[in-house]
Undergrad: 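After the structure tokens below, expect a handful of questions from me.
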Amino acid sequence: MIGLEYQFMQNAFIAAILVSIACGVVGTYIVIKRIVSLSGGISHAAFGGIGLGYFLGINPVITAIPFSIISAFLMGVITRNVKISEDTAIGILWSVGMSLGVIFISLTPGYASDLFSYLFGNILTVTRTDLWMMLVLDLIIISSVLLFNREFTAISFDEEFSQVIGVPVNLFYLLLLTLVALSVVILIKVVGIILVIALLTIPAVTARQFTFKIPRMMILSSMIGIIFTLTGLWVSYILDVSSGATIVMILAIFFIATYIVKRT
């Protein structure tokens, strides 16, 4: 790949692989369980953690981890226990998280020069520290899925039957949302908070056109993510345009193309 001799391109190359694995695994459950809007709420609420990082003067990705997990738990608990519609709860927490982020940033002295990269992503700014965090979060996600794949699969397809056979549905639902939150954190530096939901869903939806078996869907989704994230990275480098937006557009074009071919 052109530019791979540079350190920042090597970091971006590794990041593309790590984020694609997280998206392939977690995105499969998101698509099957149809919690795309809930995942979008978590991703936007994570902006509160980004703002808190700026305010405290530490790496915003570090503060985004607990903030995203707390947001995921709140959304899961509220949508299950409070008598308001799911989309209303998501909308409230979505806007509160974004508002907290704006407030924290406005209270921080100076100018947040790299804020744009957290909103829209810039895979070319990924550091070695970011890569290590991505790797650790990837390992947590993969380990959780290997340990509890049966339970995640059960609640994704039929929660009522899962409860009948003794699966603690609420516990594993919250754990699944926690994995979504961790995936969001991994993706923030690559495609940004605004475009996170695209990378979590498009590869999985594309893979679902070819298989309905979860393990195969995860593998195929991860492969699609790796191939087209790297393609988007290369195209954005050549054209000198936003890497996050380019990656999403290329994934979307591939999805549309495969959809048309499968229907003809």
Side-chain angles (χ1 to χ4, degrees), residues 1-4 9-36 39 43 121 123-124 126 130-131 133-149 152-153 156-157 176 179-180 182-192 195-238 243-263:
M1 179 181 289
I2 297 175
L4 202 56
M9 284 296 289
Q10 294 171 12
N11 291 348
F13 183 90
I14 297 171
I17 296 173
L18 292 175
V19 300
S20 297
I21 293 171
C23 291
V25 174
V26 177
T28 296
Y29 291 124
I30 290 173
V31 169
I32 291 175
K33 191 159 178 58
R34 298 178 181 178
I35 54 172
V36 175
S39 303
S43 67
I123 195 172
L124 299 179
V126 171
D130 294 327
L131 291 178
M133 281 194 290
M134 289 178 185
L135 177 60
V136 170
L137 294 178
D138 259 7
L139 291 175
I140 293 173
I141 289 169
I142 293 170
S143 299
S144 300
V145 170
L146 290 175
L147 287 172
F148 306 117
N149 179 59
F152 288 145
T153 301
S156 295
F157 283 106
L176 179 58
L179 297 185
V180 174
L182 294 179
S183 301
V184 165
V185 174
I186 293 174
L187 288 167
I188 283 176
K189 285 296 289 286
V190 177
V191 292
L195 300 175
V196 158
I197 197 63
L199 210 56
L200 278 173
T201 55
I202 296 176
V205 171
T206 306
R208 197 177 187 183
Q209 296 183 92
F210 300 96
T211 181
F212 288 97
K213 294 184 177 180
I214 286 183
R216 292 182 183 178
M217 190 172 166
M218 286 180 177
I219 294 171
L220 183 56
S221 178
S222 296
M223 291 174 61
I224 290 171
I226 290 171
I227 292 169
F228 290 98
T229 300
L230 290 175
T231 302
L233 172 62
W234 177 73
V235 172
S236 67
Y237 178 78
I238 295 298
S243 55
T246 305
I247 290 168
V248 171
M249 286 302 300
I250 288 178
L251 279 168
I253 290 169
F254 179 69
F255 166 72
I256 294 169
T258 54
Y259 181 85
I260 293 172
V261 170
K262 292 286 287 186
R263 296 301 180 274

Undergrad: Not counting sequence neighbours, list each pair that qualifies as a salt bridge (Lys or Arg N to Asp or Glu O under 4.0 Å) and has a residue in residues 210-232.
TA: none

Undergrad: Any side-chain heavy-atom pair from L131 and L135 closer than 4.5 angstrom?
TA: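 They are not in contact (no side-chain heavy atoms under 4.5 Å apart), so the answer is no.
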
Undergrad: Just checking F210: does its CZ atom have more than 12 heavy atoms from other residues, nucleotides or ligands closer to it than 6.0 angstrom?
TA: yes

Undergrad: With a 4.5 Å limit on heavy-atom distance, are the side chains of I247 and S236 in contact?
TA: no

Undergrad: Are the side chains of V145 and V26 in contact, using a 4.5 Å heavy-atom criterion?
TA: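 V26 vs V145: side chains apart.
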
Undergrad: Contact between L195 and V190 at the side-chain level, heavy atoms closer than 4.5 Å - yes or no?
TA: no

Undergrad: Testing V196, I141, I30 for side chain to side chain contact (heavy atoms under 4.5 Å, CB included) with V180, which one passes?
TA: I30

Undergrad: Taking all non-hydrogen atoms of both residues into account, name the closest pair between S143 and L139 and its distance.
TA: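 What the structure gives for the nearest pair is OG-O, 2.7 Å.
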
Undergrad: Taking side chain as C-beta onward, heavy atoms only, is V191 less than 4.5 Å from T229?
TA: no

Undergrad: Does any part of the side chain of F148, heavy atoms only, come nearer than 4.5 Å to the side chain of L179, both counted from C-beta?
TA: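 No. Closest side-chain heavy atoms not under 4.5 Å.
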
Undergrad: Is the closest side-chain heavy-atom distance between N149 and Y29 below 4.5 Å?
TA: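 Yes. Closest side-chain heavy atoms under 4.5 Å.
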
Undergrad: Please say whether more than 12 non-hydrogen atoms of neighbouring residues, nucleotides or ligands are located less than 6.0 Å from CZ in R263.
TA: yes

Undergrad: Could you check if a side-chain atom of V36 sits within less than 4.5 angstrom of a side-chain atom of L200, using non-hydrogen atoms only?
TA: no

